[in-house]
Each structure stands twice: as structure tokens, then as C-alpha cells.
Amino acid sequence: MNNNKVKSEYNIIFFGTSTFAKIILGTLIDSKYKPALVVTAPDRPTGRKQELTPPPVKILAEKNKIPVFQPESLKAAKNKLGKTEPDLFIVAEYGKILPKEVIELPKHGAINIHASLLPKYRGSSPIQFALLHGDQVTGNTIILMDEEMDHGPMLSQEMVEVEENDTTETLRKKLAYHGARLLMKTLPDWISGEITPFEQDHSKATYTKIITRNDGKIDWTKSADDIKKMWQAYTPWPGLFTFWKNKRLKILTFEVVEHDVNNPGEVIRYKDVFAIQTQNNIIVPQKIQLEGKKPQGAKEFLNGHEEIIGMRLI
RNA sequence: CGCGGGGUGGUGGAGCAGUACCACGCCAGGCUCAUAACCUGGAGGUCGCGGGUGCAAUUCCCGCCCCCGCAA
């Protein structure tokens, strides 16, 4: 870690970890709100070889010679953060909850940018839930943090349209850039005291849960449209999968086609490829991947696995 | 040493001790109003690389390279 003094009008500390956070940070770096310190999650072992991998935010911060701090516990880090006499904390998908004592450190408090129209979709997976529910509109909200998760009063909020084929990957990117712009608009007014935080309507709050790998498992008794929404929400991670011959079969891309069904999960022949029955219509896979194999087209897969026709996926 | 699957003609797969089979594609011919078409014939493979054990290895053993699923 280097200790270069970064020139900036304000002493801002940025908390963030993910690619969403990285995009926000990128915008801050190019502005007069360049953070003096970046706090991010510790490196985690990842990949088949368990290599220790730094989070996206750390990579960007180091590239810009901003000091990086990766505490395991924020409570323990309180003193260190307090010594910097911060003006403001900016938090975006950091991954850890900031304890009250930490939130209270900066002169202008801690603000959080959250990718939903709060009080809707509080919690860790707002983007996925907007897609899972088929929302046509979502957005970003900037709040003044309090000790409860995504609960503090709002400073600003802006809508973003969801497009037909948006996935978490594409929508996240859109929201991140949008959120960065919103942040740039909000920051000056907040620091100068022109914004009065606006209490959320807590009676309308909804909550998201952490997405796990198993959320990507397809329940063929659901409707084809619901499965399509799952695909949007769970792309690129954890993706959609089912099981065939005890092997994981990922459905990477597919089409929903109107068709009679009588046995959800059963594979039928459809034109020169195959399709899987759902509760109502059928799903025609385009790109799939069998456990241990590379991704391949449905046609190629069928060349070597004709026997899948008539079988039931679970 | 985290667990596991795999590398076979252009593509996807089966075989797993006696040098290879299936589907698709491709080439030639035929049939059809049409089709996810169909029929007949044909070309195309040093079975990832290097060793070892066998009368004999794509098939067994050892080492290496590459691809991938889980896990995180």
C-alpha cells in the first residue's frame, strides 16, 4: 500500500467492492470528489485453483494510486478511519454493514447509493429482484445511511427503464453509470447543505435476499415467462441450470415458444433441435453447457445426445 | 496438494485390449408441391503429448499439456 497524499477538495472515503462500485468509483476519481482512501473487502480465494483475487474496486484504486484499506472488521478499523478526519463516506455495494460508530465519523455523514427505488428492494440484490419481478422501471436512490440496512432518509432518486432483454449484467452496468451521474448531481448540493433528507415510507419497504448458486436451478413447473425472468435475473451468475443424467446442464440462452405441453420438464423434439416443456409453453435452448463440457449450440449437443429426447429434466 | 468430468474423422458423441462406430456437416446421384425433409453412394481419423506393461493399446499404468463442472 502506498501513502501518497491525494489532493482533493474534500476528504472523502469510498467504500465499495463490486463492479457496480467500481464504476461509481471511476466517476469519482475523474471528479473533484476523488476519494483519499478506498475501503474494500479483503481479497478472496477464487477460481479453480483458489487463487487470492482482489476485488474490482481495489484494482481500480491501485491503478489510480489511491490507498486501499481492506479490514476484515470495521469495528476494529474505527479508530484508523476516524484519524483521517473524513468529510464524507460514499458507500456503494461494499458488502459489509457499517456499524453505527463508523457511520457517525464523517462531518457530512455516510451516504449510500442503492440500485433500486427505495423503499423497494432493500438489501443485497435489488437489480436481480427488479428483473425477477419483471419490473419495467427501476432506478437508483441515494440515502443518508443509518444503522439499519438501506433504511436512511433519501437525498435523491432517479428512475431507469428496464429493457426487454436486460439481464443483471446489462442492467447493473446501466444503473451504475446512471447512479454515478446521480451521485455527481447530488454531492455538491448535499455538501453545501441544500438537501433536506426525505424519510422513506417504511410501510412500503420490501426486501431482497442474497442470491445463492441454487437459485439458478430451474423449476420446470413454473411458467416459461417466469423462467425467462429468472434467466434475466440470474445472468451471468449463477445462471440457469437443470439436471440430466445426474449432470448439471446449464441453459445459457433460450427462446420461449408457444406450444402445447403435457409434462413439464420433458424434452421433446422441436424442429431440428429440442425443447423442454414448462408449465405452459416450451423453452427452446440455443446455447447450453453440460457439466465438464464447453458451451455448445443445441444442435451440436443433440448430435451426440439424441437420447435426451423424451427424457425428463429435474 | 480442496472435489470431480473430459481431450476419438469438419462439429458433437459412443467404444475402452485385437488399429474404430453413431449423429450432424461435406461431396456425388435420386425423389419431392413442400418439410426438422427423405433415399442411395462417397470422401475424411498417427483415437491430446511422452514414456511403460502386454503377442497386441484408442483402450491398462506413470508423467506432462489443454478444456470444463463444483467449491470460494
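Each chain gets a letter, A, B and so on, in the order its sequence line appears, and its residues count up from 1.
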Grab the [atom1]-[atom2] distance between [X] and [N] for me, whole Å please.
X	N	atom1	atom2	value
A/Asn214	B/rA71	CG	C1'	13 Å
A/Glu291	B/rG13	CD	P	14 Å
A/Asp272	B/rG25	CG	C1'	12 Å
A/Asn303	B/rG10	CG	P	15 Å
A/His305	B/rG6	NE2	P	12 Å
A/Phe241	B/rA71	CZ	P	8 Å
A/Asn246	B/rG4	CG	P	17 Å
A/Lys245	B/rG69	NZ	C1'	17 Å

For [N], the Watson-Crick or wobble partner whose two distances fall under 3.5 Å:
N	answer
B/rU40	B/rA28
B/rC33	none
B/rC60	B/rG52
B/rU11	B/rA23
B/rU46	none

Handout entry: Check: A/His133 ring centroid to A/Tyr121 ring centroid under 6.0 Å
Key = yes
Practice task
On RNA chain B, check which nucleotide each of A/Glu307 and A/Gly292 is closest to and give me the residue with the more 5' one.
Solution key: A/Gly292
Problem - Upstream residue (5' side of RNA chain B) when A/Val273 and A/Leu290 are each assigned their closest nucleotide - result: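 Taking each residue's closest nucleotide, the earlier one in sequence belongs to A/Val273.
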Of the listed nucleotides ([options]), which one gets closest to any side-chain atom of [X]?
X	options	answer
A/Thr46	B/rC24, B/rC67, B/rA72	B/rA72
A/Gln289	B/rG12, B/rG69, B/rA36	B/rG69
A/Lys293	B/rG69, B/rG6, B/rG12	B/rG6
A/Lys294	B/rC67, B/rG12, B/rG6	B/rC67
A/Arg248	B/rC67, B/rG5, B/rC70	B/rC70
A/Arg213	B/rC70, B/rU11, B/rG5	B/rC70

Practice task
Output yes when A/Lys204 and A/Glu199 qualify as a salt bridge under the 4.0 Å nitrogen-oxygen rule, no when they do not.
Solution key: no
Handout entry: Charged N-O contact under 4.0 Å between A/Lys174 and A/Glu161
Key =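 Answer for the salt bridge query: no.
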Taking the same atom, [atom1], in [N] and in [M], what whole-Å distance lies between them?
N	M	atom1	result
B/rC49	B/rG45	P	15 Å
B/rU19	B/rG13	P	25 Å
B/rG54	B/rG18	C1'	12 Å
B/rG6	B/rA43	P	33 Å
B/rA23	B/rC64	C1'	33 Å
B/rG50	B/rC65	P	15 Å
B/rG2	B/rC60	C1'	28 Å
B/rU46	B/rA57	C1'	14 Å

Practice task
Using the ring of A/Phe241 (Phe, Tyr or Trp, six-membered ring only), decide whether A/Arg248 places NZ or CZ under 6.0 Å from its centre and within 45 degrees of its axis.
Solution key: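 Yes.
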Problem - A/Phe69 six-ring centre to A/Lys80 NZ/CZ under 6.0 Å and within 45° of normal - result: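 Cation-pi check for A/Lys80 and A/Phe69: passes.
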Problem - Chi angles and distances behind the side chain to side chain contact (heavy atoms under 4.5 Å, CB included) call for A/Val137, A/Val162 - result: CA-CA 5 Å; A/Val137 174; A/Val162 180; 5.8 Å; no
Exercise for the section: State the CG-OH distance between A/Leu187 and A/Tyr33, to the nearest 0.5 angstrom. Expected result: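 The CG atom of A/Leu187 sits 5.5 Å away from the OH atom of A/Tyr33.
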Completion exercise
Rounded to the nearest 0.5 angstrom, the CG-CD distance for A/Leu117 and A/Gln200 is 11.0 Å
Under 3.5 Å, which donor-acceptor pairs link side chains of residues 85-95 of chain A to any protein atom two or more places apart or in another chain?
| residue | atom | partner | partner atom | Å |
| --- | --- | --- | --- | --- |
| A/Asp87 | OD1 | A/Lys107 | NZ | 3.3 |
| A/Asp87 | OD2 | A/Asn11 | N | 2.7 |
| A/Glu93 | OE1 | A/Ser18 | OG | 2.4 |

Exercise for the section: Within residues 249-271 of chain A, find the residues that approach RNA chain B with a heavy atom at under 4.0 Å, and present them sorted by residue number. Expected result: A/Lys250, A/Arg269, A/Lys271
Practice task
For A/Gln296, report the nucleic acid contact type (base, sugar-phosphate, nothing); a contact means any heavy atom under 4.0 Å.
Solution key: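 If one applies the 4.0 Å heavy-atom cut-off, A/Gln296 turns out to touch the sugar-phosphate alone, with no base involved.
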Completion exercise
Glycosidic torsion of B/rG54 (syn if within 90° of 0, anti otherwise) classifies it as syn
Exercise for the section: Determine the interplanar angle of the A/Trp244 and A/Phe301 rings, folded into 0 to 90°, and report it as parallel if under 30°, tilted if 30 to 60°, perpendicular if over 60°. Expected result: perpendicular
